[in-house]
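By convention in this document, chain letters (A, B, ...) are assigned in the order of the sequence lines, proteins followed by strands, and residues within each chain are numbered from 1.
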2 protein chains.
Amino acid sequence: MGRPSMAAERTEQIMRATGRCLQKHGLAGTTLERVSEESGLSRSHIRHYVGNRDELLRKFTTWLYTGYEAEFIRKIAAAADREKLPIVMDYLFSSGFLPISDDDAVIRELITAGIADDGIRATMQVHYTSAVQAVEDAVAAEHPAASPGARRTTAYGLWCLAMGNSMMAEFQLPAASGGLVRAAAEALLERLSHD
Amino acid sequence: MGRPSMAAERTEQIMRATGRCLQKHGLAGTTLERVSEESGLSRSHIRHYVGNRDELLRKFTTWLYTGYEAEFIRKIAAAADREKLPIVMDYLFSSGFLPISDDDAVIRELITAGIADDGIRATMQVHYTSAVQAVEDAVAAEHPAASPGARRTTAYGLWCLAMGNSMMAEFQLPAASGGLVRAAAEALLERLSHD
DNA sequence: TAATTGATTGTCATTGCGGAAAAGAAAATG
DNA sequence: CATTTTCTTTTCCGCAATGACAATCAATTA
């Protein structure tokens with residue numbers, strides 16, 4: 001009955017456009033108007049499919065954190081024990097000199113959005129808690145003999161290294177583009193083997 | 001001749017108010033109007049002393065990065081060799097369970113502002129480059145025997161740990177409030193002594 | 001006291017954006 | 001063909017913030 005729904009495709013379109021806007025123009029610059037431009041739809045479309053601006057940001061957040069960002073956690077859970085840590089390291093410190101994920105800027109903006117919106121903040125809290133947990137699982141898989149405390153410290157350290165580096169990368173700091181973080185990360189891990 | 005200038009005090013007032021706005025309402029919420037509220041001055045005052053919104057943000061950035069934020073770098077430079085590293089560690093990982101500096105949110109917003117404004121981005125680039133350098137100096141002072149590469153890795157690692165942790169602290173992530181980062185940081189340093 | 005410099009206040013037009021609703025078009029079903 | 005459902009387009013309104021300008025007011029000096 002009725003005309004077939006475009007909601008799925010349209011929503012996807014809108015979410016992608018929203019991500020690009022956040023990345024290029026920041027939270028402030030992510031207006032319904034601009035999202036509509038970026039997506040090639042009309043502003044009314046956005047309102048029709050997603051709702052008002054607050055809802056757009058909320059939906060975008062859950063979309064992001066159940067999609068690409070959660071991929072990482074799923075991968076770790078699915079991987080064999082001896083694969084877990086290499087996956088983590090690649091994800092966190094990617095390959096060599098490549099710029100880090102494009103999502104960094106987007107995530108920064110969402111943190112800001114979370115100042116005003118409890119829903120967004122909650123979504124992120126939950127996600128990052130389990131992300132750090134996933135890293136810890138990977139560390140545990142590789143170093144079953146290490147103490148829980150040391151594993152936890154190492155896992156959280158790895159995570160912070162990656163976050164901090166991605167922040168510095170936005171300044172195009174010379175240090176951020178080299179392999180420095182990865183070296184630091186490996187130093188952390190190495191210490192886990194020694195003790 | 002003429003009426004004495006209030007520029008110094010007023011500018012200070014305005015800068016502080018701008019900082020509070022950025023912290024509480026984000027970049028988008030930092031309007032001339034709100035800054036004027038927050039400072040107790042009229043909007044015309046802001047325009048009179050600082051200029052338009054873009055200039056406000058530019059001036060705030062340089063104000064921040066030549067004031068409190070640069071304090072750290074000056075301190076390191078002035079300190080005796082054996083004092084340098086303890087100062088760095090305290091600055092980066094503060095004391096125990098306290099929330100990290102209030103400036104974190106502000107700085108995040110400035111990064112966003114830097115997307116659109118070259119001046120702001122340049123200011124931050126310069127500052128962070130020398131901040132990391134200061135950390136490296138401190139590490140070098142404590143570990144003169146270590147290789148330059150290892151020192152650089154450690155210094156940058158320390159910095160990223162601190163940045164990453166402050167980011168996580170904004171989610172009120174349980175891991176961020178404990179002493180985990182500091183432990184990771186000390187692990188990094190420890191490894192420097194061993195080799 | 002007059003002149004000057006800067007502080008302070010007030011006003012007005014413009015713009016960009018968000019919110020809401022109505023009206024029209026298209027595609028499915030009975 | 002009539003009906004229903006959803007898509008699509010259009011229009012209108014209001015708000016909040018900016019930018020620019022003009023007009024007082026206050027303190028200092030010659």
Side-chain angles (χ1 to χ4, degrees), chain A residues 1-61 109-110 112-113 115-117 119-120, chain B residues 1-61 109-110 112-113 115-117 119-120:
Chain A
M1 53 333 216
R3 192 173 170 173
S5 174
M6 305 287 287
E9 299 93 305
R10 292 294 193 226
T11 306
E12 187 71 15
Q13 253 184 301
I14 294 172
M15 292 304 152
R16 287 183 189 284
T18 304
R20 285 194 298 273
C21 279
L22 284 170
Q23 193 182 332
K24 286 193 276 188
H25 310 287
L27 182 64
T30 301
T31 65
L32 293 187
E33 210 112 13
R34 226 194 282 264
V35 171
S36 78
E37 268 178 45
E38 189 78 32
S39 64
L41 302 171
S42 77
R43 193 163 66 87
S44 302
H45 275 120
I46 317 291
R47 277 189 61 74
H48 180 69
Y49 287 105
V50 180
N52 63 24
R53 186 170 181 270
D54 290 346
E55 288 174 291
L56 169 66
L57 291 173
R58 262 194 292 273
K59 287 184 180 166
F60 175 78
T61 306
E109 300 306 315
L110 287 185
T112 299
I115 294 177
D117 189 306
I120 292 178
Chain B
M1 31 139 96
R3 193 172 171 174
S5 172
M6 305 288 287
E9 298 95 305
R10 292 296 190 226
T11 305
E12 187 71 15
Q13 254 183 301
I14 293 171
M15 292 305 152
R16 288 184 187 283
T18 304
R20 285 194 299 274
C21 280
L22 284 171
Q23 193 183 332
K24 286 193 277 189
H25 307 112
L27 183 64
T30 301
T31 65
L32 293 186
E33 210 110 14
R34 225 193 283 265
V35 171
S36 78
E37 269 178 44
E38 190 77 34
S39 63
L41 302 171
S42 76
R43 193 166 64 87
S44 300
H45 274 120
I46 317 290
R47 280 188 60 75
H48 180 70
Y49 287 106
V50 180
N52 64 24
R53 187 170 179 272
D54 289 346
E55 288 173 290
L56 169 66
L57 291 173
R58 262 194 291 274
K59 287 187 180 165
F60 174 78
T61 306
E109 300 306 316
L110 286 185
T112 299
I115 294 176
D117 190 306
I120 291 178

Going by number, which of residues 27-41 of chain A have a non-hydrogen atom under 4.0 Å from DNA chain C?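 Within this stretch, A:Thr31, A:Leu32, A:Glu33 sit under 4.0 Å of the strand.
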
Kindly write out the residues that satisfy salt bridge (Lys or Arg N to Asp or Glu O under 4.0 Å) with [X], not counting sequence neighbours, or none if the list is empty.
| X | value |
| --- | --- |
| A:Glu55 | none |
| A:Glu12 | A:Arg16 |
| A:Asp117 | A:Arg58 |

Please determine whether a side-chain nitrogen or oxygen atom of A:His45 lies at a distance below 4.0 Å from atom OP1 or OP2 of D:dC7.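 Looking at the OP1 and OP2 atoms of D:dC7, neither is under 4.0 Å from any side-chain N or O of A:His45.
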
All N/O pairs under 3.5 Å across the protein-nucleotides 10-14 of chain C interface:
from, atom 1, to, atom 2, distance (Å)
C:dG10, N7, B:Ser44, OG, 3.4
C:dG10, O6, B:Ser44, OG, 2.8

Rounded to the Å, how far apart are [X] [atom1] and [N] [atom2]?
| X | N | atom1 | atom2 | answer |
| --- | --- | --- | --- | --- |
| A:Ile46 | D:dT10 | CD1 | P | 16 Å |
| A:His48 | D:dT8 | NE2 | P | 8 Å |
| A:Arg47 | D:dC7 | CZ | P | 15 Å |
| A:Glu9 | D:dT8 | CD | P | 10 Å |

Any ring pair (Phe, Tyr, Trp, His ring centres under 6.0 Å) involving residues 34-61 of chain A? Give me the pairs, sequence neighbours left out, ordered by first then second residue.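 Every ring pair (Phe, Tyr, Trp, His ring centres under 6.0 Å) pair that includes a residue of residues 34-61 of chain A, provided the two are not neighbours, is A:Phe60-A:Trp63.
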
N/O-N/O pairs, protein side and nucleotides 24-26 of chain C side, under 3.5 Å:
from, atom 1, to, atom 2, distance (Å)
C:dA26, O4', A:Arg3, NH1, 3.3

Listed by chain and number, what are the side-chain contact (heavy atoms from CB on, under 4.5 Å) partners of A:Leu57, not counting sequence neighbours?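 By the side-chain contact (heavy atoms from CB on, under 4.5 Å) rule, A:Leu57 matches A:Leu27, A:Arg53, A:Ile120.
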
The criterion is side-chain contact (heavy atoms from CB on, under 4.5 Å); which residues satisfy it with A:Glu38, sequence neighbours excluded?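 Once residues adjacent in sequence are excluded, the partners of A:Glu38 under the side-chain contact (heavy atoms from CB on, under 4.5 Å) criterion are A:Ala17, A:Arg20, A:Cys21, A:Lys24.
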
To the side chain of A:Met6, which of D:dA27, C:dA28, D:dC7 is closest?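 Closest nucleotide among those given: D:dC7.
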
Strand-adjacent residues in residues 49-59 of chain B, judged by heavy atoms under 4.0 Å from DNA chain D: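 Within this stretch, B:Asn52, B:Arg53 sit under 4.0 Å of the strand.
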
Pull out every residue in residues 18-25 of chain B that has a heavy atom closer than 4.0 Å to any atom of DNA chain D, ordered by number, or say none.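 Going residue by residue through residues 18-25 of chain B, none turns out to have a heavy atom under 4.0 Å of DNA chain D.
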
Once you apply a heavy-atom cut-off of 4.0 Å, does A:Arg10 come out as touching a base, just sugar-phosphate, or nothing?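 A:Arg10: backbone/sugar contact only, no base atoms under 4.0 Å.
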
With a 4.5 Å limit on heavy-atom distance, are the side chains of B:Thr112 and A:Glu109 in contact?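 Side-chain contact under 4.5 Å: yes.
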
May I ask you to test the B:Ser39-B:Thr18 pair for a side-chain heavy-atom distance under 4.5 Å?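 Side-chain contact under 4.5 Å: no.
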
Let me know which of A:Leu32, A:Thr31, A:Asn52 forms a side chain to side chain contact (heavy atoms under 4.5 Å, CB included) with A:Ile46.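 Of A:Leu32, A:Thr31, A:Asn52, side chain to side chain contact (heavy atoms under 4.5 Å, CB included) with A:Ile46 is met by A:Leu32 alone.
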
Taking side chain to side chain donor-acceptor pair (under 3.5 Å) as the test, write out the residues that go with A:Arg34, two or more places apart.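 Partners of A:Arg34 under the side chain to side chain donor-acceptor pair (under 3.5 Å) test: none.
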
To the nearest 0.5 Å, how far apart are CE in B:Met15 and CG in B:Leu56?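 Those atoms lie 6.0 Å apart.
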
To the nearest 0.5 Å, what is the distance between CD (A:Glu9) and CD (A:Gln13)?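 Between atom CD of A:Glu9 and atom CD of A:Gln13 there are 8.5 Å.
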
